[in-house]
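Side-chain atoms are counted along with the backbone in the values below, which use heavy atoms only and exclude waters and symmetry mates.
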Amino acid sequence: MHPVALTAGLTVDIRRKRFAGDGRTPPHTAIENLQFTVPVGQFCCLLGPSGCGKTTLLNIAAGLDSEVDGFVDIHSESTQTRPAVSYMFQTPRLLPWMSVRDNVDIVLDPPARADGRGVKLLERMELGSYLDAYPTRLSGGQRRRVALARAFAIRPAVLLLDEPFVSLDQPVGNRLREILLDLWQAQPTTVLFVTHDLNEAIYLGDRILFLSQPPSSVVHDAAVDLPRPRTPDSPVINTFRTGLLDRHGGLLAGTAGPTTDSGSSTP
Amino acid sequence: MAVGTVDVAATAWERLRRAAGGPAALRIFSFVLLLCVWSLATLADPSGQVLPAPWVVLDTMWYHLNEEGLLYHLSVTLWRVAAAFFGAMVIGVALGILMGARRRADIILDGWHILFLNMPALVLIILCYVWFGLTEVAAIVAVALNKIPNVVVTVREGTRAVDRELLDVARVFRVDRRTTFLRFFLPQLYPYIMAAARGGIALIWKIVLVVELLGRSNGVGFKLHEFFQLFDIAAVLAYTLAFVVVMMVIEYGVMAPLERRCTRWR
């Protein structure tokens, strides 16, 4: 009944994002000269030291923050409406007074709700027996699954994720990453995934953008050309990681390292 | 054997002690204590005119219930309480949200708010009666005006404490404004609205009596004034008791279940 999910590419061109600061916090430039393009359907990971403006970037892309010198453009062939953007926050941000089912249904338009799209997604994520439970009764991993279902339920053209699996133990986190890839392959969408975990980025991404210390810009653009499906923490991933860090030692600290041309990678 | 008996007795005693210390038992004890103090105090008044005994009050209440239209006056007062309550809640919640969410509105309205918050109830009642006449509307407006500032205080505080992160969820997923307000925003205010409602209903019924005493010809307040002039203390206490019972029914029959419903997800 419904058209295939509309995907869209994403162009980021931010000259500067400054926080004015108030009496207690000094003014602070979070992002400077950050430019990149994510083509339609790509799974792009953003990696950088903490406090480097990754969340700020996602907030701008999601339309939550418009006080910026520059833009994040989300473009698709069909230009009638702005493509749907989903955002999975660092915390699940479920509404505690609504059941699991309602938490997903609330973001859907009436036809999609009548279609039972939310329930189907929740069942696919093994939450079928928790539809009427309140989020406070769920475990951390289950809450993330609900948030993931909500993010995919609106058939987003672009999906933004902000360290969504942080503070979960390894098996739970790996299961969620697996579910994310499974959904992404079933429902292709352009993904911008923020993380500070290189292994996670290699496991998930088609491409990894390394950001610098604030004010952040892109210091390295790496394609992850490993075949899928991948196995978390497998030798293949570790080899890729070692190779990357051998060539660019400072990547995790936000510098490109000795053997690369410095500065931003332009699309 | 002997040790066993002692043990059983000790457990029984322990259980009894625990039950006696339980909340239900304490409530009953507290109620009985009140009756005892009241009964003892009546000894100081042999005439029985100034402080009638509990059973006399109960008897008087029964008499007024059957012969003197207590239910009529009670229902008139209750209707005024309800009208003033709903009026005050709707206006107070709206103003509280406005002042909590919009800084400009808060600055503009704050002075007025403080003025009404500190205006004595009696002054508002007199002014309403003088300006709008001794009418039903004036009576209800006077009561509502007394309550609105308190509702505003609580709801404004609640609005300021609203979790913006959840509202951001509504924005990102492009939830329409109506749904955002009703399903994302308002539920966060329920605890504050419940607190305002609870405190409100108790305050309102006290003010309603004053309004009735000053300018109505029916209702509990009007009757109390009459009994005061006749020095019929038993009737005064009988009416008070009747209304307190009604308010307790509202508290346990309406407010408490409503609050449980609003917070069942916790």
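Judged by distance alone, the side chain of B:Trp265 and the main-chain N or O of A:Pro135 form no donor-acceptor pair under 3.5 Å.
Contact record, B:Val172 with A:Ala62: CG2-CB, 4.0 Å, taken as the closest heavy-atom pair.
The number of heavy atoms from other shown groups lying within 6.0 Å of CZ (B:Phe243) is above 12. The 12-atom threshold is not exceeded at CZ of B:Arg102, counting heavy atoms of other residues, nucleotides or ligands nearer than 6.0 Å. Within a 6.0 Å sphere centred on CZ of B:Phe29, other residues, nucleotides and ligands contribute 12 heavy atoms or fewer.
Looking at B:Phe184, both its backbone and its side chain come within 4.5 Å of chain A, counting heavy atoms on both sides. For chain B, the nearby part of A:Asp102 is the side chain; its heavy atoms alone come within less than 4.5 Å. Heavy-atom distances place the side chain of A:Thr91, and not its backbone, under 4.5 Å from chain B. Neither the backbone nor the side chain of A:Leu160 comes within contact range of chain B, judged by heavy atoms closer than 4.5 Å. With a threshold of 4.5 angstrom between heavy atoms, A:Arg137 does not approach chain B through any atom at all.
Atom CZ of B:Arg183 and atom CH2 of A:Trp97 lie 10.0 Å apart (nearest 0.5 Å). Separation of atoms CG (B:Asp168) and OH (A:Tyr87) is listed at 8.5 Å; rounding is to 0.5 Å.
Note: B:Leu166 leads B:Val175, B:Asp163, B:Leu166 in heavy-atom pairs under 4.5 Å with chain A. Most heavy-atom pairs under 4.5 Å with chain B: of the set A:Ile106, A:Ile154, A:Leu64, this distinction falls to A:Leu64.
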